[in-house]
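Working notes, structure below.
Everything numeric here is computed off the predicted structure, so don't read it as measured data. Because only heavy atoms are used, hydrogens play no part in the values below, and waters and symmetry mates are left out as well, while side chains stay in.
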Amino acid sequence: MKDNILLPATYDCMFKALMLKPELSEFLKELIHIITDIPIEALKDIKVQNSEYTIENKNEKKMRSDVIVSIGNKYINIEMNKEYYKGVFNKNDAYLSKIKARMYKESESYIEAGQVIQINFNNFYHFKHKKDIYKFLFLEEETNELDEDSTIKYHVCLPNIWERCYNKSIKELTRFERFCLILKAEKKEYARKVAGDDVLMGNIVDEIAKLSLDDTMIGLYNAEIEEEKIRKTRLEGARLEGLEQGRKEGIEQGRKEGIKEKEDMIKSLYKLDVPLESISKASKLTLKEVKDILNIK
């Protein structure tokens, strides 16, 4: 890797390494505080949880969240979604369900089970309005009454922040905007500029730069890119196969419709007492073929 090139933290391997680095726990706490409004004081006793879910039966697949932390009876699941594909949010909802099931199982009562919060960092546009942070709750459609399920989901739109803030001076940016720009940065020079003289942000950039030169991390990064390429190739292959199948089916359907139209024309001409020879010429079929369609000898 060149000295000025960074592995962006929009990739799972980099994101997890940053978020779970004990020395950068203040970064994690501040991000959670800004997004959720949980007081920073309440986050001082934050605990990192095992992000690999127990397989309950042989039909389940192995599942692993990016980051899970807890504060008292609150569990916070943080996910980096590098790109959109159909089912990405369903996958994250499955993580939520797993966390809630584990939480209910471990608590003495459902009332004491606590709350699950999910924070999605999305490296793509998805929702209609261009907001930096979306907050989703379970509400009744007409009355907006809050459901007793206290689950909250946040979605952070990284491209919106990047496009709006990339060329702004550091003085114009909020700390949250600067954090997000650093997560997406691919050049050390730019990341250093965004960090300025802020010690915490400087430490984040240092860690990203260090990880970007680590052989193990580079291997994980390349594996993630390769996995992404394979998934896209499969999707494109399925799309092309579907198009080819559709083309063949369309040709066959068109052929059948053409034959049906020609048969209808022949029968209509015959009812009008048009001679068989004339019908044969008009339809460009042999006399025998015309007779077969009309079922005459």
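If you take CD on E186 and NZ on K184, they are separated by 7.5 Å, rounding to the nearest 0.5 Å. Between the CD1 atom of I133 and the OH atom of Y154 there is a distance of 9.0 Å, given to the nearest 0.5 Å. From L7, atom CG reaches atom CD1 of I208 across 9.5 Å, with rounding to the nearest 0.5 Å. Taking CD1 of I68 as the reference point, atom CG of N77 lies at 5.5 Å (rounded to 0.5 Å). Taken to the nearest 0.5 Å, the CD1 atom of I161 stands 3.5 Å off from the SG atom of C180. Residue I117 holds its CD1 atom at 8.5 Å from CD1 of I32, rounded to the nearest 0.5 Å.
Shown here are the side-chain contact (heavy atoms from CB on, under 4.5 Å) partners of S70, two or more places apart in sequence or in another chain: K47, Q49, Y75. Taking R192 as the reference, K188, V205, D206 meet the side-chain contact (heavy atoms from CB on, under 4.5 Å) condition, with sequence neighbours excluded. Checked against salt bridge (Lys or Arg N to Asp or Glu O under 4.0 Å), K260 has the following partners two or more places apart in sequence or in another chain: D264. Applying the side-chain contact (heavy atoms from CB on, under 4.5 Å) test to L137 and every residue at least two apart in sequence or in another chain returns K135, L139, L146, I152. Every residue two or more places apart in sequence or in another chain was checked for a side chain to side chain donor-acceptor pair (under 3.5 Å) with E263, and none qualifies. Residues passing the side chain to side chain donor-acceptor pair (under 3.5 Å) test with E141, sequence neighbours excluded: none. Residues that satisfy the salt bridge (Lys or Arg N to Asp or Glu O under 4.0 Å) test with K82, not counting sequence neighbours, are absent from this structure. A search for side-chain contact (heavy atoms from CB on, under 4.5 Å) contacts involving D197 returns nothing, not counting sequence neighbours.
Ring centroids of F136 and F127 are separated by less than 6.0 Å, placing the two rings close together. The distance between the ring centers of H155 and F121 does not fall below 6.0 angstrom.
Under the 4.5 Å side-chain criterion, counting only non-hydrogen atoms from C-beta, V194 is in contact with R178. Put simply, the side chain of L200 reaches to within 4.5 Å of the side chain of F179, judged on heavy atoms. In this structure, Y190 and L181 have side chains that are in contact, with non-hydrogen atoms separated by less than 4.5 Å. Side-chain contact between N123 and E83: absent, with no pair of heavy atoms (C-beta onward) separated by less than 4.5 Å. At a threshold of 4.5 Å between non-hydrogen side-chain atoms, the residues E177 and R164 count as touching. At a threshold of 4.5 Å between non-hydrogen side-chain atoms, the residues C157 and N122 do not count as touching.
Annotation: side chain to side chain donor-acceptor pair (under 3.5 Å) contacts involving residues 34-45, sequence neighbours excluded, are absent. A ring pair (Phe, Tyr, Trp, His ring centres under 6.0 Å) check over residues 262-297, counting only residues at least two apart or in different chains, returns nothing.
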Q.
Run I182 and M201 through side chain to side chain contact (heavy atoms under 4.5 Å, CB included) and show every step you take.
A. CA-CA 8 Å; I182 290 173; M201 293 190 194; 3.9 Å; yes

Q: Show your reasoning for whether side chain to side chain contact (heavy atoms under 4.5 Å, CB included) applies to K91 and Y85.
A: CA-CA 11 Å; K91 176 198 70 174; Y85 57 87; 3.7 Å; yes

Q. Could you walk me through whether D198 and R175 pass the side chain to side chain contact (heavy atoms under 4.5 Å, CB included) check?
A. CA-CA 10 Å; D198 187 281; R175 284 183 65 77; 2.4 Å; yes

Q: Report the C-alpha separation of D93 and K153 in whole Å, then their side-chain angles, then the decisive distance to 0.1 Å, and conclude whether the side chain to side chain contact (heavy atoms under 4.5 Å, CB included) test is met.
A: CA-CA 10 Å; D93 284 345; K153 292 197 289 185; 2.8 Å; yes

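Other residues, nucleotides and ligands place no more than 12 heavy atoms under 6.0 Å from the CG atom of N295. Counting non-hydrogen atoms of other residues, nucleotides and ligands closer than 6.0 Å to NZ of K168 gives a total above 12.
The nearest pair of heavy atoms linking A42 to I71 is O-CG2, 2.8 Å. Between A185 and A191 the shortest heavy-atom distance is CB-CB, 4.0 Å. E145 and T143 make their closest contact through OE2-OG1, 2.8 Å (heavy atoms, listed as atom of the first residue, atom of the second, distance).
Side-chain contact of N81 with E79: a donor-acceptor pair under 3.5 Å is absent, judged by distance alone. For the residue pair Q115 and K74, a side-chain donor N or O sits within less than 3.5 Å of a side-chain acceptor on the partner. Judged by distance alone, the side chains of E277 and S280 never bring a donor and an acceptor atom under 3.5 Å apart.
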Hey, can you pull the donor-acceptor pairs under 3.5 Å for the side chains in residues 285-292, sequence neighbours left out?
residue : atom : partner : partner atom : Å
T286    : OG1  : E289    : N            : 3.1
T286    : OG1  : E289    : OE1          : 3.4
K288    : NZ   : D292    : OD2          : 3.1
E289    : OE1  : T286    : N            : 2.9

Can you list, pair by pair, the side-chain donor-acceptor contacts under 3.5 Å of residues 11-28, counting residues two or more places apart and other chains?
residue : atom : partner : partner atom : Å
S25     : OG   : P22     : O            : 3.3
E26     : OE2  : K29     : NZ           : 3.4

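When atom types are taken as modelled, the side chain of Q118 and the backbone of N92 share a donor-acceptor pair closer than 3.5 angstrom.
In this structure, Y166 and W162 have tilted ring planes: the angle between them lies in the 30° to 60° band.
Linking ILVMFWY side-chain heavy atoms closer than 4.5 Å, directly or via other members, places L294 and M265 in a single hydrophobic cluster. When the side chains of ILVMFWY residues are joined at heavy-atom separations under 4.5 Å, either directly or via intervening members, V199 and I204 end up in two distinct hydrophobic clusters. Put simply, V48 and L211 are part of the same group of oily side chains (I, L, V, M, F, W, Y) that touch within less than 4.5 Å, one to the next. Grouping the Ile, Leu, Val, Met, Phe, Trp and Tyr side chains by contacts below 4.5 angstrom, directly or via other members, places Y125 apart from I119.
Applying side-chain contact (heavy atoms from CB on, under 4.5 Å) to D132 and the options I35, N160, T174 leaves one that passes, N160.
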